[in-house]
Engineer: 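Handing you a structure now.
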Amino acid sequence: MNSEKALVFLKRHGMSPETIEPARDAGKMAAEMELGLAGKGGSLPMIPTYLSDGGEIPVGEPVAVIDAGGTNFRCGLVTFAEQGCRVEELRKWKMPGIGAPATWEEFMDFAADAILPLMDRTDKIGFCFSYTADITPEMDGRVVRIDKEVVINGCEGQLVGASLLRALGRRGVTGKKIVILNDTVAVLLGGLAAMGAQTGCMAGQVSGTGTNTCCSLPERRIGKLGSSGERRMIVNLESGMYDGIPRGDFDRELDAESHNPGQKLFEKMTAGVYLGELCHRILQAAAREGCLNQESAEKVSALGWIDSAVIDAWAMGERLDEIAVGQEDAAFVQTICTAMFERSARCMCTNLAAILLLSGENCLRVCAEGSLVQKGRVYRPTLEALIQGEIREKLGFDVSYTIGNESTLSGSAAAALLNL
């Protein structure tokens, strides 16, 4: 019974997953993508990466890689061999700017110190920068914003690659070459390195702390470049910025209290860093409106910050005694959490279908990575079922969906080897 009450509650607040129909809504998102490609505005910037997804990856040449993600900062040395790629000296830290703000100079000094021990092994650096940056023809990245609740002051307008090379220069290291790419682009290139040549449209997907997609298109499709070439270039969609999905009460509430109100609206409806807080706010409102009994309401009131792993457990029917007293309230909480994962998956399915419509191809080859697709027990099967029903059956397209493993590392190395 309380499952039905939860669905009614979500509908009343505009948070019902069923309001998003990927086969129906993909055309609207594809039209927004076309605007971005033409440089005519819209919420999707469609950022050219100046990176190609073609060519043979050289074997035996090491590349230093950096992965600055929404949660962790990693660096290591990647070398491709005939049998695959080898990652050496991989180290991981918490991303600067989490918990306490950092300055841009502090971030660059941190990155330079992290990669310094590798600089006697290679002259090439692949830097996976998981935030919004305009990529230059030199394959550097000019920062637009750093988000995902990471705060690095003074970052706007900075060139990532040039800043890191200057920081290395202060440490006596010169003569290095660097390519900057988004994590989603790295996932695409990592997938290509693992799978080899593919037919159809290639796409990279990140569904984890943040949300994004990319795809490769002929340069002539990228109108703002003014090119008529057939060379394929990877385009970073910055899908998290899309504003065409109707938001509910708790989406607006979360956005208003975030570090970047009015920005990354799609990401705030879909990404792991936000889904736990969305469920938290929904349950707080449900308690205020009398949808939960007094004991459960007290548990909700005492609840601190929760992440997507917690609501994944609740959606699976586990650990519900942490938040609910009695079977009815447990069913209410489980339904709410399941619905937020489904809504996120419906958004991503819309995104993937829109890429297909944009490409004009009949098949899509997706390499996906991130905590939601790799660890989520609710999100991934829900998305795969939606791909089957909404894209394959309703739209008639072929989709190959592959989950990557550390693709950002191999993809960053492939970007440097193919493009420097």
Engineer: Partners of Arg74 by side chain to side chain donor-acceptor pair (under 3.5 Å), sequence neighbours excluded?
Structural biologist: Asp67, Glu406, Thr408
Engineer: First locate atom OG1 of Thr402, then atom CD of Gln205, and finally report the distance between them rounded to the nearest 0.5 Å.
Structural biologist: 11.0 Å
Engineer: Do Ile323 and Leu303 have side chains that approach each other closer than 4.5 Å (heavy atoms only, starting at C-beta)?
Structural biologist: yes
Engineer: Between Arg145 and Glu156, is there a side-chain N and carboxylate O pair less than 4.0 Å apart?
Structural biologist: no
Engineer: For residues Leu409 and Leu90, determine if any side-chain heavy atom of one lies less than 4.5 Å from a side-chain heavy atom of the other.
Structural biologist: yes
Engineer: Hey, does the side chain of Glu106 reach the backbone of Ala102 with a donor-acceptor pair shorter than 3.5 angstrom?
Structural biologist: no
Engineer: List the steps and the verdict of side-chain hydrogen bond (donor to acceptor under 3.5 Å, both in side chains) for Thr184 and Thr213.
Structural biologist: CA-CA 6 Å; Thr184 318; Thr213 53; over 6 Å; no
Engineer: Return yes if a side-chain donor-acceptor contact under 3.5 Å exists between Ser344 and Glu342, otherwise no.
Structural biologist: no
Engineer: Measure the spacing between CD1 of Ile180 and CZ of Phe129 and express it to the nearest 0.5 Å.
Structural biologist: 8.0 Å
Engineer: Indicate yes or no: does Arg171 engage Asp113 in a salt bridge with an N to O separation below 4.0 Å.
Structural biologist: yes
Engineer: Give a yes or no on whether the backbone of Leu356 and the side-chain of Ser359 come within a donor-acceptor separation of less than 3.5 Å.
Structural biologist: yes
Engineer: Run the side-chain contact (heavy atoms from CB on, under 4.5 Å) check on Leu192 and Leu188 step by step: do they pass?
Structural biologist: CA-CA 6 Å; Leu192 279 176; Leu188 186 155; 3.7 Å; yes
Engineer: Please work out whether the ring planes of His13 and Phe9 are parallel, tilted or perpendicular, with thresholds of 30° and 60°.
Structural biologist: tilted
Engineer: Quick check against the 3.5 Å criterion: does Gln263 have a side-chain atom that pairs as donor or acceptor with the backbone of Asp255?
Structural biologist: no
Engineer: Would Glu393 and Gln388 count as having a side-chain donor-acceptor pair, cut-off 3.5 Å?
Structural biologist: yes
Engineer: Would you call Lys28-Glu32 a salt bridge at under 4.0 Å N-O?
Structural biologist: no
Engineer: Once side chain to side chain donor-acceptor pair (under 3.5 Å) is applied, do any residues pair with Ser371, and if so which ones, sequence neighbours excluded?
Structural biologist: none
Engineer: Distance-only, no hydrogens or angles: does the Asp329 side chain make a donor-acceptor pair with backbone N or O of Asn293 under 3.5 Å?
Structural biologist: yes
Engineer: So does Glu289 pair up with Lys5, basic N to acidic O under 4.0 Å?
Structural biologist: no
Engineer: Answer yes or no: is there a donor N or O on one side and an acceptor on the other, between the side chain of Glu88 and the main chain of Leu77, under 3.5 Å?
Structural biologist: no
Engineer: If you take all heavy atoms of Ala414 and Ile57, which pair is closest and at what distance?
Structural biologist: CB-CD1, 3.8 Å
Engineer: Give me the atom names and distance for the closest heavy-atom approach of Asp183 to Cys128.
Structural biologist: CA-SG, 3.1 Å
Engineer: Closest heavy-atom contact between Ala23 and Glu390?
Structural biologist: N-OE1, 2.9 Å
Engineer: So, do Leu275 and Phe341 sit near enough that their side-chain heavy atoms are less than 4.5 Å apart?
Structural biologist: yes
Engineer: Take Ile403 and Arg380 through the test side-chain contact (heavy atoms from CB on, under 4.5 Å) and record every step on the way to the result.
Structural biologist: CA-CA 10 Å; Ile403 305 300; Arg380 177 178 168 182; 3.3 Å; yes
Engineer: Mark yes or no for whether Thr49, through its side chain, and Ile234, through its backbone, hold a donor-acceptor pair below 3.5 Å.
Structural biologist: yes
Engineer: Please report the C-alpha distance between Leu383 and Cys349 in whole Å, then the side-chain angles of each, then the deciding distance to 0.1 Å, and finally whether the side-chain contact (heavy atoms from CB on, under 4.5 Å) criterion is met.
Structural biologist: CA-CA 7 Å; Leu383 176 58; Cys349 186; 4.0 Å; yes
Engineer: Would you tell me whether Ser239 and Asn351 have side-chain atoms, one donor and one acceptor, within less than 3.5 Å of each other?
Structural biologist: yes
Engineer: Nearest 0.5 Å please: distance from the CG atom of Asp109 over to the CZ atom of Arg170.
Structural biologist: 5.0 Å
Engineer: Evaluate salt bridge (charged side-chain N to carboxylate O under 4.0 Å, His left out) for Lys375 paired with Asp312, printing each intermediate quantity in order.
Structural biologist: CA-CA 9 Å; Lys375 300 177 183 179; Asp312 182 73; over 6 Å; no
Engineer: Would you call Arg281 and Glu257 a salt bridge, taking side-chain N to carboxylate O under 4.0 Å as the test?
Structural biologist: yes
Engineer: Tell me whether Lys224 at atom NZ has more than 12 heavy atoms from other residues, nucleotides or ligands lying less than 6.0 Å away.
Structural biologist: yes
Engineer: Would you mind checking if Arg221 and Glu219 are paired as a salt bridge, meaning a charged N to carboxylate O distance below 4.0 Å?
Structural biologist: no
Engineer: With sequence neighbours excluded, what pairs up with Glu238 under the salt bridge (charged side-chain N to carboxylate O under 4.0 Å, His left out) test?
Structural biologist: Lys264
Engineer: Regarding Arg377 and Glu318, does a basic nitrogen lie under 4.0 Å from an acidic carboxylate oxygen?
Structural biologist: yes
Engineer: Are the side chains of Leu278 and Met15 in contact, using a 4.5 Å heavy-atom criterion?
Structural biologist: yes
Engineer: Evaluate salt bridge (charged side-chain N to carboxylate O under 4.0 Å, His left out) for Arg142 paired with Asp134, printing each intermediate quantity in order.
Structural biologist: CA-CA 5 Å; Arg142 190 176 298 279; Asp134 290 327; over 6 Å; no
Engineer: Within this structure, what is the OG1-OH distance for the pair Thr136 and Tyr50, rounded to the nearest 0.5 Å?
Structural biologist: 7.5 Å
Engineer: Can you find a heavy atom in the side chain of Asp243 that is under 4.5 Å from one in the side chain of Phe266?
Structural biologist: no
Engineer: Take Val310 and Arg319 through the side-chain contact (heavy atoms from CB on, under 4.5 Å) test and state the conclusion after the steps.
Structural biologist: CA-CA 9 Å; Val310 172; Arg319 299 166 47 185; 4.0 Å; yes
Engineer: Between Glu267 and Tyr242, is any side-chain donor less than 3.5 angstrom from a side-chain acceptor?
Structural biologist: no
Engineer: With no hydrogens and no angle check, do the side chains of Asn212 and Asn236 hold a donor and an acceptor under 3.5 Å apart?
Structural biologist: yes
Engineer: Report the distance from atom CG of Leu265 to atom CZ of Arg247, rounding to the nearest 0.5 Å.
Structural biologist: 4.5 Å
Engineer: Working to the nearest 0.5 angstrom, can you tell me the gap between Phe397 CZ and Ile387 CD1?
Structural biologist: 13.5 Å
Engineer: List the residues meeting salt bridge (charged side-chain N to carboxylate O under 4.0 Å, His left out) with Asp140, not counting sequence neighbours, and say none if there are none.
Structural biologist: none
Engineer: Is Ile47 close to Leu237 at the side-chain level, that is, under 4.5 Å between some pair of heavy atoms?
Structural biologist: no
Engineer: State plainly whether the residues Lys299 and Asp321 are in salt-bridge range, i.e. N to O under 4.0 Å.
Structural biologist: no
Engineer: For Gln284, what residues pass the side chain to side chain donor-acceptor pair (under 3.5 Å) criterion, not counting sequence neighbours?
Structural biologist: His280
Engineer: Between Leu292 and Glu328, is any pair of side-chain heavy atoms under 4.5 Å apart?
Structural biologist: no
Engineer: Decide yes or no for Tyr274 and Thr209: does some side-chain heavy atom of the first lie under 4.5 Å from some side-chain heavy atom of the second?
Structural biologist: no
Engineer: With distance as the sole criterion, is a donor-acceptor pair present between the side chains of Lys268 and Ser258 under 3.5 Å?
Structural biologist: yes
Engineer: Salt bridge check, Asp398 against Arg365: does any charged N sit closer than 4.0 Å to a carboxylate O?
Structural biologist: yes
Engineer: Sub-3.5 Å donor-acceptor pair from the side chain of Thr19 to the main-chain atoms of Ser16, do we have one?
Structural biologist: yes
Engineer: Could you list the residues that satisfy side chain to side chain donor-acceptor pair (under 3.5 Å) with Asp251, not counting sequence neighbours?
Structural biologist: Arg343
